[in-house]
Amino acid sequence: MNNMIAAIESARMAAGLSQRALADRTGISQATLSRILSGERAAKMPEVILISDALGCTVSQLTGSAVADRVTCAARSVNGADMDAMRQRLLHFMEIDAYLDDHAIPAA
Amino acid sequence: MSSAEQQAKAAAEQFREKHQLGVQPLGDLVALIEQTTGHDVAVLDAMPDAHGLTMRDPARGRVFIGVARTPHPMRQRSTLAHELAHVVFDDQIEDLAVRGWEETRADAFARHLLIPLGGLEAVLDDGDHANEGVLSAVVQRYLVSPAMAAIALRDVGAISQATVDVWRSLSTRHLATRFGWSDFYATLQEDSNRLRAPQALVSRAVAGYAAGVLSAQAVATLRGVPVDTVVAELAEIGIIPQSVDAEDFEIDELPQIDLDLSDLEEGGASS
């Protein structure tokens, strides 16, 4: 799964939206959305913007960003568990946090 | 005592001293970590084996700690304390699937933080040979796994290594049921199995929403709740987004834009 699909799916789960609900909200047809999410077809920029809007994440989180490239992780898991779901969620927090920095929203 | 163990013990004692935690049992670890470190903690839906993850943005000095929601409260507490160790020691690990020396040290830190030997000695009767009733009381008091409690009891000389090996396999549920605190245990389980959004970030996101720079959906996705709930809740306490209207800006307040259009001209001529 490429990064964009992983980021979309993580935000979609957190937002509690089905693929159908996401299609409705973005106006992208279910067939097209399904092809994007299965990796068959790359999302075009206007679609990325619609999706990020509907999911409440930043465009840069979906397209790959400086934040994602520079963060470092330390983890506790057993059996070498796949940490990707958790990593995506924390990355989402980081992106929103960086976005709020950019818009000069002060720390609470 | 290995050096990882020694470092962990010293750091845990130092942490308790710095934050004036004495040798008492620690309550809500999520709030404790948020208040002592200023970092956000979230309880997330995750794969059963993915216990915890600490993510750091070196450019902005921000840290987010995620732990999995689970019906095993003692394990979640130990994971939280373990992740705190990574923050305290400033650990950065490249390969998430391999357990290195830092992991051993973080495990030891968690044990010393959650169940300080000084505090444990004080609650045990002198020269008492600990039985399973004592183990249950220690588990319930410090909210740690029977295995972790047994190691601490061994370290203060109350039980032998052989007893640790036997008690290690006892579950918290077993002790809670046998010694009459299963209701309390059920409450702990409900708490540890609930999702929790990162508090400071959500608070800041609400400020962003009020300022009109963040959508209601963004707040909803952070919290993992439906967008209508967010809008209704915030409207109820009088928070509605400020509109950023183009008419709010005077034309002479806008920044000067220096556009270099020479490429266009030359491009038109040469191609």
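A note on names: the letters A, B, ... follow the listed sequences, proteins ahead of strands, and every chain is numbered from 1.
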Is chain A contacted by the side chain of [X], its backbone, both, or neither, given a heavy-atom distance below 4.5 Å?
X	result
A42(B)	side chain
I65(B)	backbone
V227(B)	side chain

Applying the side-chain contact (heavy atoms from CB on, under 4.5 Å) test to E47(A), which of L33(A), L62(A), T26(A), T32(A) qualifies? T32(A)

Counting heavy-atom pairs closer than 4.5 Å to chain A, which one of [options] comes out on top?
options	value
S215(B), A59(B), A220(B)	A59(B)
L222(B), V202(B), T221(B), L201(B)	T221(B)
A216(B), A218(B), P226(B)	A218(B)
A207(B), A205(B), A106(B), P198(B)	P198(B)

Check whether the side chains of [X] and [Y] place a donor and an acceptor atom closer than 3.5 Å, and report yes or no.
X	Y	value
S60(A)	T63(A)	no
H51(B)	Q76(B)	no
E83(B)	T54(B)	yes
E103(B)	H82(B)	yes
S3(B)	Q7(B)	no

Considering only NZ, NE, NH1 and NH2 on the basic side and carboxylate oxygens on the acidic side, decide whether [X] and [Y] come within less than 4.0 Å.
X	Y	answer
R111(B)	E5(B)	yes
R105(B)	E102(B)	no
D57(B)	R62(B)	no

What part of [X] gets closer than 4.5 Å to chain B, counting heavy atoms only: side chain, backbone, both or neither?
X	answer
A104(A)	neither
L17(A)	neither
L100(A)	both
R70(A)	both
D101(A)	both

If you count heavy-atom pairs within less than 4.5 Å of chain B, which of [options] leads?
options	result
M13(A), M94(A), H92(A), R89(A)	M94(A)
A98(A), G16(A), A66(A)	A98(A)
I96(A), L55(A), D53(A), V67(A)	L55(A)

Geometric class of the F89(B)/F109(B) ring pair [parallel <30°, tilted 30-60°, perpendicular >60°]: perpendicular

